[in-house]
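Below is one structure; the comments refer to it alone.
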There are 2 protein chains.
Amino acid sequence: MSAPANARARVRAQLTGEITEVARRHLAASGAAALSLRAVARELGMASSAVYRYFPSRDDLLTTLIVEAYDALGRAAEEAEAGQPRDDLRARWRAACRATRDWALAHPHEYALVYGSPVPGYAAPEATIAPAARVGALLSRVLADGVAAGQVDPGAGPAGADTTLDPTLLDDLGLASDDPASSLGARAVFAWSALFGTISFELFGHTHNVVTDHAAFFDHTIDRLATEVGLT
Amino acid sequence: MSAPANARARVRAQLTGEITEVARRHLAASGAAALSLRAVARELGMASSAVYRYFPSRDDLLTTLIVEAYDALGRAAEEAEAGQPRDDLRARWRAACRATRDWALAHPHEYALVYGSPVPGYAAPEATIAPAARVGALLSRVLADGVAAGQVDPGAGPAGADTTLDPTLLDDLGLASDDPASSLGARAVFAWSALFGTISFELFGHTHNVVTDHAAFFDHTIDRLATEVGLT
DNA sequence: CAACAGAGGAGAGCACCGCTCTGTCGAGGC
DNA sequence: GCCTCGACAGAGCGGTGCTCTCCTCTGTTG
């Protein structure tokens, strides 16, 4: 990955980067369906067959773009959240949610690639699962900090909802509870789903004739979610 | 539409139906991306060019399938809700939500076509906006009945959220309120978005390593939504 | 009843796609 | 300094959406 030994590998990494860069631009401009390996090759002045030396198939190129999109979105949310005072949990929550929406609005095709219909066969490649969790993990961190600070009651809400979740993951996220009736994790997953459901509905046009002020409605929604999740 | 005057129109409607039927089957089997007009024509034993007498483009065929999917999903939800006692609002709410999820699980590709990334240019055709609202309208009806029965407080929740919504639509859905601080409509739109966000996350694999018992988690979620929306 | 118009279909063809195979060339490694 | 092997171009295969032209057959109308 980093600091390739021989010059061959270096120029190879360079060209791989150029291909993904052009592909990312095509994706942003026209959407995943219109992304053509041949068009990317044309823009780079090479034969289409040459691209296959770097990406075994179009789906592999798309997978790279998916990982990039997850990482870009995750980074945007993390940076916005990091800019808030540590003890203002609600501000951190709001910043993360707003940054997610802002990124989605700025990169609609990349967002659709990642949170729309799955394009390849059906199973997401292994490489995508870690970056896909970044925003969810960020929200969980805010929540876990709230529990530590005594601002969030882990026991609130319907009892036992956490038993529907993977306990190992809850542990990793710092949302595990001794109380078997806890619903802290379930509330986090709920907020996570609702956040992206709201953004997807706006971006994909489902609330087109319903919501007139999307930004204000979104702010109401994430405040509602913060309350629902237990942030005081 | 109904009862075509001449025989020509009748046989035309017949063949149009056969084309959409075959296309719908191909969609259900392989997804929207793999739906090929030529393959449909082959199965029907006609030249691909002949199909263009009935659908001006592949996107128009897809639009027809989109409308069909919206209607099928809406009908499923409405029938399930209609099977519940009128005065048990929570049972009606649960039945509508569960039927929506069940239909999505049974028709993943059709669901993805409709609630995934928008495939055509970007603007949804006019013909799709009415059927797209069926599930949302159904949820609103349960909520409006709750207000009429005094079981739902239209004034609860954050004040003024309804000002972000289209007042004409709120009126049509029976969610309009004299109180300018009402949030009844906003809560309905929120629940609507969260419902489909949860289903999409499950179906598109985002909760794959997170939720272990999807059915139980979904039940917890829609109960949470019912409470959040104001159903006692 | 006969003639006509127009709907419906077939086939070839265009430009594009993903992907494969083969042949060649030039630079990196010994 | 030679040789190997990675990188690339080009042709080609089967597929796509869509168009155009030609022809047939049928419902309608004078």
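Residue numbers begin at 1 in each chain, while the letters A, B, ... track the order of the sequences. For clarity, every value in this text was computed on a predicted model and none was experimentally measured.
- Residue A:A50 places its side chain closer to D:dC8 than to any other of D:dC18, C:dC19, D:dC8.
- Only one option out of B:R92, B:R98, B:R141 pairs with B:E81 in a side chain to side chain donor-acceptor pair (under 3.5 Å); it is B:R92.
- Each of D:dG17, D:dC18, C:dC19 was ranked by its minimum atom distance to the side chain of A:Y52; first place goes to C:dC19.
- For the pair B:H26 NE2 and D:dG17 P, the computed distance is 12 Å after rounding to whole Å.
- A:Y54 comes within 4.0 angstrom of sugar-phosphate atoms only, judged by non-hydrogen atoms across all strands, and of no base.
- Of the candidate nucleotides C:dG11, C:dC19, C:dC17, C:dG11 has the atom lying nearest to any side-chain atom of B:A47.
- Backbone-only contact: A:S57 has heavy atoms under 4.0 Å from sugar-phosphate atoms and none from a base.
- Here the nucleotide nearest the side chain of B:R38, chosen from C:dG18, D:dT16, D:dA9, is D:dT16.
- When distances are taken from the side chain of B:L37 to each of C:dC19, D:dG17, D:dC8, the shortest belongs to D:dG17.
- Between B:R12 and C:dG8, a side-chain N or O to OP1/OP2 separation shorter than 4.0 Å is present.
- Ring planes of B:Y115 and B:F196: parallel class, angle under 30° (limits at 30 and 60°).
- In this model, a side-chain donor or acceptor of B:R53 finds a partner on the base of C:dG9 within 3.5 Å.
- Rounding to whole angstrom units, CE of residue B:M46 and C1' of C:dA7 are separated by 13 Å.
- For B:S49, counting side-chain heavy atoms from C-beta on, the closest listed nucleotide (D:dC8, C:dA10, C:dG18) is C:dA10.
- Note on B:R42: a side-chain N or O is less than 4.0 Å away from OP1 or OP2 of D:dT16.
- Distance CG (A:L44) to C1' (D:dA7): 15 Å, rounded to an integer number of Å.
- Taking the ring axis of A:F190 as reference, the NZ or CZ atom of B:R224 stays within 45° of it and closer than 6.0 Å to the ring centre.
- Regarding A:R58, its CZ atom lies at a distance of 13 Å from the C1' atom of D:dT16, rounded to whole Å.
- Between the CZ atom of B:F55 and the P atom of C:dA7 there is a distance of 18 Å, rounded to whole Å.
- Relative to the side chain of A:S36, the nucleotides C:dC17, C:dA10, D:dC8 differ in distance, and C:dC17 lies closest.
- Note on A:L35: only backbone sugar-phosphate atoms sit closer than 4.0 angstrom, heavy atoms only; bases stay farther off.
- The cationic group of A:R12 lies under 6.0 Å from the six-membered ring centre of A:Y54 and within 45° of the ring axis, placing it in a cation-pi geometry.
- For the pair B:L61 CG and D:dG17 C1', the computed distance is 12 Å after rounding to whole Å.
- Between A:R187 and A:E228 there is no salt bridge, since none of the side-chain N atoms of the basic residue sits less than 4.0 Å from a carboxylate O of the acidic one.
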